[in-house]
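Along the sequence shown, residues are numbered consecutively beginning with 1. All values derive from a computational prediction rather than experimental measurement.
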Amino acid sequence: MSRARRAALLSVAGATVLAGLVCLTPALASTAPPAGGTATENLRVTVSDGVSLQATVTGAAPLAPRPTIVEFSPYGNGSGTFTPGPAYNFLLVQIRGTGSSDGSFDALGPRTQLDVQQVLQWACHAPFSDGTLGLNGFSASAITIYNSLHLSLPCVKAALLKSGTYSLYRDLLWPGGVSNFVPGVGVAGLIAGPALEQGPDRLQRAPLTSVTTATGLATADLSAIEHPTLDAWWQQRQFQGDVNHLPILMIDGFFDVESRGAFQAYQELRGDGAHLLVVGGHDGAPAGTDDGNAEAEAWFDHYLRGVDNGVTRQPAVQLLLAKGDRVQYLNGAFERTSGTDWPLPGTHWVPLALSPARSGTAHSLNDGTLTAGTPAAATTESYPAVASLPTATDVPNAAIVGAAGLNQLFAALPALDEMNVAEPQGLSFTTAPLRQDVQSAGPLDLDVPLSTTTPGAAIWAVLCDVAPDGTSHPLTVGRLSTAYPDLDPSRSLYDPVTGDLVQPYGVYDAKTPPAVGQTRLYHVEFWPVGNDFQAGHRIRLDIIGASGASTLAVPGVNSVLVGAGSGARLQMPVLPGSDLLAALGAGPSDPN
């Protein structure tokens with residue numbers, strides 16, 4: 001299965017039962033081409049509750065014990081996302097209740113996690129394995145591994161995880177407590193499709209399991225909707241610790257739908273030798289790059305085969321920054337930077353105030369200013385909380401659509417993924433033209449005093465790069481339901497120099513909606529930005545109605561306090577060597 005399709009969306013007879021948990025049943029089919037070709041064998045693995053899982057092992061012919069890379073996928077036959085060289089075998093395991101595997105899909109919950117542990121215990125001693133395992137995952141298969149790291153994973157030496165979520169709730173399906181409805185339905189369809197396609201095999205082999213499989217898929221989809229708060233159900237479907245201390249290479253992109261997950265996971269696991277490569281995910285990788293493949297191969301070569309190839313001496317964090325536009329980024333317009341940690345050491349945040357003074361550059365309801373100074377007066381500005389154009393205001397989801405083949409349409413009709421068409425229904429705040437280039441990479445925080453006529457409405461904000469010709473290109477988005485005003489200070493990120501909040505960690509355990517018209521201070525988390533703002537460009541913040549890809553809500557009016565010292569303020573990350581205040585004509589800002 002290609003990455004685009006994945007975005008819009010040894011046979012061993014009489015094998016020994018390992019620890020009474022897992023057994024291997026005869027292969028369904030096998031191919032064994034002459035030496036020098038590739039051998040593929042289908043098999044079924046029965047786990048401790050009796051459920052039979054479909055798996056496929058592939059390697060150079062004839063199959064022999066080798067280091068084996070394992071992937072757990074819900075997308076059926078042929079859905080592996082890594083092609084290892086001849087030194088490895090590759091084992092694709094279809095997750096329970098998906099593809100040709102029996103059982104009930106539990107949305108990557110506790111039973112699936114236990115399957116991961118038990119299958120790896122078997123694979124460690126299988127005839128095709130030399131006792132050394134690696135893990136590969138992209139999107140759902142990466143999420144499966146993140147969710148399972150609190151269990152001991154036998155014989156695993158390293159992992160490669162692309163675009164997975166650290167928290168399925170926070171990073172994909174309910175970011176900021178706001179339903180990401182359309183992508184959720186899309187993922188459910190991508191999982192159900194192969195299960196339906198491979199249904200005839202299941203009916204012929206074990207017909208009674210078809211009802212269980214169908215029920216599991218339907219129940220998991222409904223459960224994701226029925227749990228709007230981050231309750232115990234979701235807490236079982238997120239990172240719960242790591243007892244394995246695996247060195248993990250995390251690959252993702254700044255425009256990816258799950259980008260927050262890789263950054264959060266890196267911060268949690270960097271002590272175990274994790275590396276973070278931000279080159280691309282569901283959105284694709286820029287022209288002129290290899291999508292991280294060389295780094296991935298070197299990672300496995302070092303940790304699974306002991307090759308001294310220098311991979312551990314590479315910078316722990318490598319970033320490819322955009323230059324103002326997502327489509328141009330994919331066409332090869334990017335800037336490389338790297339460092340020893342995330343956020344990059346020396347990063348500082350510049351507070352930019354939302355001012356009512358007109359900028360003369362936007363066609364929004366207010367045409368406000370984003371300034372490094374303190375506006376003289378405070379005022380309240382309102383906008384309709386109605387659905388906005390998702391291709392413009394919903395950068396992560398728009399990137400999935402683009403990677404599915406619509407980037408050509410965006411190139412022909414650029415207004416579809418620019419903010420100029422969407423901005424008239426919201427508020428905008430724009431800086432003066434930058435006097436010099438500014439590199440920005442890191443999370444952002446918007447502190448915004450806001451009231452609403454619809455309790456539980458969404459706060460939706462988009463950070464944009466405005467080119468000299470006036471076109472406004474969305475870079476990242478911040479989302480927060482007004483039912484969640486609280487944050488967890490112990491898990492939030494603060495500027496190490498100023499102490500200012502720069503990445504709020506919201507509390508979504510229970511809803512506390514405001515009274516109609518009640519002004520409360522909200523801390524809106526943005527997914528990390530990675531952009532090289534060019535001289536002559538402007539930085540713009542749009543506050544607008546939630547994306548149409550979210551669950552439709554009752555329309556209302558949101559009102560924002562701007563200006564003076566008490567008004568809304570955006571914390572903007574700036575990399576060392578860049579000076580945003582100087583670029584805005586306000587003097588030096590880099591405390592380093």
Side-chain angles (χ1 to χ4, degrees), residues 1-9 53-56 71-82 92-109 112 115-116 136-147 161-165 168-169 171-175 179-202 210 213-225 237 252-253 255-259 261 280-284 390 394 396-407 547 549-551:
M1 179 183 290
S2 69
R3 289 183 65 167
R5 182 182 170 195
R6 289 286 305 275
L9 296 158
L53 306 180
Q54 169 69 32
T56 304
E71 180 167 359
F72 295 84
S73 172
Y75 296 120
N77 294 332
S79 59
T81 60
F82 184 74
L92 176 67
V93 182
Q94 297 180 30
I95 291 170
R96 68 168 48 221
T98 73
S100 292
S101 288
D102 300 340
S104 178
F105 182 59
D106 70 345
L108 312 184
T112 294
D115 291 346
V116 169
N136 178 73
F138 173 62
S139 192
S141 51
I143 298 170
T144 304
I145 302 306
Y146 280 128
N147 290 2
L161 301 179
K162 301 179 180 180
S163 305
T165 66
L168 190 54
Y169 181 96
D171 301 343
L172 180 61
L173 297 179
W174 290 87
S179 169
N180 203 13
F181 180 74
V182 170
V185 171
V187 169
L190 286 173
I191 294 173
L196 181 62
E197 181 183 356
Q198 296 166 217
D201 163 69
R202 183 183 295 104
S210 297
T213 299
T215 302
L217 289 168
T219 301
D221 195 25
L222 290 173
S223 294
I225 299 172
R237 290 159 177 81
D252 211 337
F255 296 105
D256 187 70
V257 70
E258 296 169 334
S259 69
H282 294 82
D283 50 306
D394 198 343
N397 290 326
I400 294 181
V401 177
L406 293 184
N407 281 331
S547 159
S550 303
T551 301

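The only option from Leu92, Val187, Ile95, Thr81 that meets the side-chain contact (heavy atoms from CB on, under 4.5 Å) definition with Tyr75 turns out to be Val187.
A 4.5 Å side-chain heavy-atom check between Ser179 and Trp174 finds at least one atom pair inside the cut-off. Counting heavy atoms from C-beta outward, Glu71 and Thr144 have side chains that stay 4.5 Å or more apart.
Within the 6.0 Å centre-distance limit, the rings of Phe138 and His282 are counted as a close aromatic pair.
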### Query
Given the rule in the side-chain contact (heavy atoms from CB on, under 4.5 Å) test, do Leu53 and Asp115 qualify, once you have shown the distances and angles that lead to the verdict?
CA-CA 9 Å; Leu53 306 180; Asp115 291 346; 4.3 Å; yes
### Task
Just do the side chain to side chain donor-acceptor pair (under 3.5 Å) check on Thr112 and Asp106 with the steps written out, would you?
CA-CA 7 Å; Thr112 294; Asp106 70 345; 2.6 Å; yes
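Considering only residues two or more places apart in sequence or on other chains, Phe105 meets the ring-ring contact (aromatic ring centres under 6.0 Å, His included) condition with none of them. By the side-chain hydrogen bond (donor to acceptor under 3.5 Å, both in side chains) test, Ser100 is found to be paired with Gln198, residues two or more places apart in sequence or in another chain being considered. Every residue two or more places apart in sequence or in another chain that forms a ring-ring contact (aromatic ring centres under 6.0 Å, His included) with Phe82 is listed here: Phe300.
A distance of 12.0 Å separates OG in Ser139 from NZ in Lys162, rounded to the nearest 0.5 Å. For the atom pair CD of Gln54 and OG of Ser101, the computed distance is 6.5 Å after rounding to the nearest 0.5 Å. Expressed to the nearest 0.5 Å, how far CG of Asp256 lies from CG of Asn397 amounts to 10.0 Å. Expressed to the nearest 0.5 Å, how far CG of Leu108 lies from OG1 of Thr165 amounts to 8.0 Å. Between the CD1 atom in Ile145 and the CD1 atom in Ile143 there is a gap of 11.0 Å [rounded to 0.5 Å].
In terms of heavy-atom proximity, Ser104 sits nearest to Gly216 at OG-CA, 3.2 Å. Across all their heavy atoms, Ser141 and Ser73 have their closest contact at CB-CA, 4.4 Å. The two atoms that bring Pro390 and Ala549 nearest to each other are CB-N, 4.1 Å, heavy atoms only.
For Asn180 (side chain) and Leu172 (main-chain N/O), a donor-acceptor pair under 3.5 Å exists by modelled atom type. Using modelled atom types, one side-chain atom of Thr213 and one backbone atom of Gly103 make a donor-acceptor pair closer than 3.5 Å. In this structure, Asp394 contributes its side chain and Ser547 its backbone to no donor-acceptor pair below 3.5 Å.
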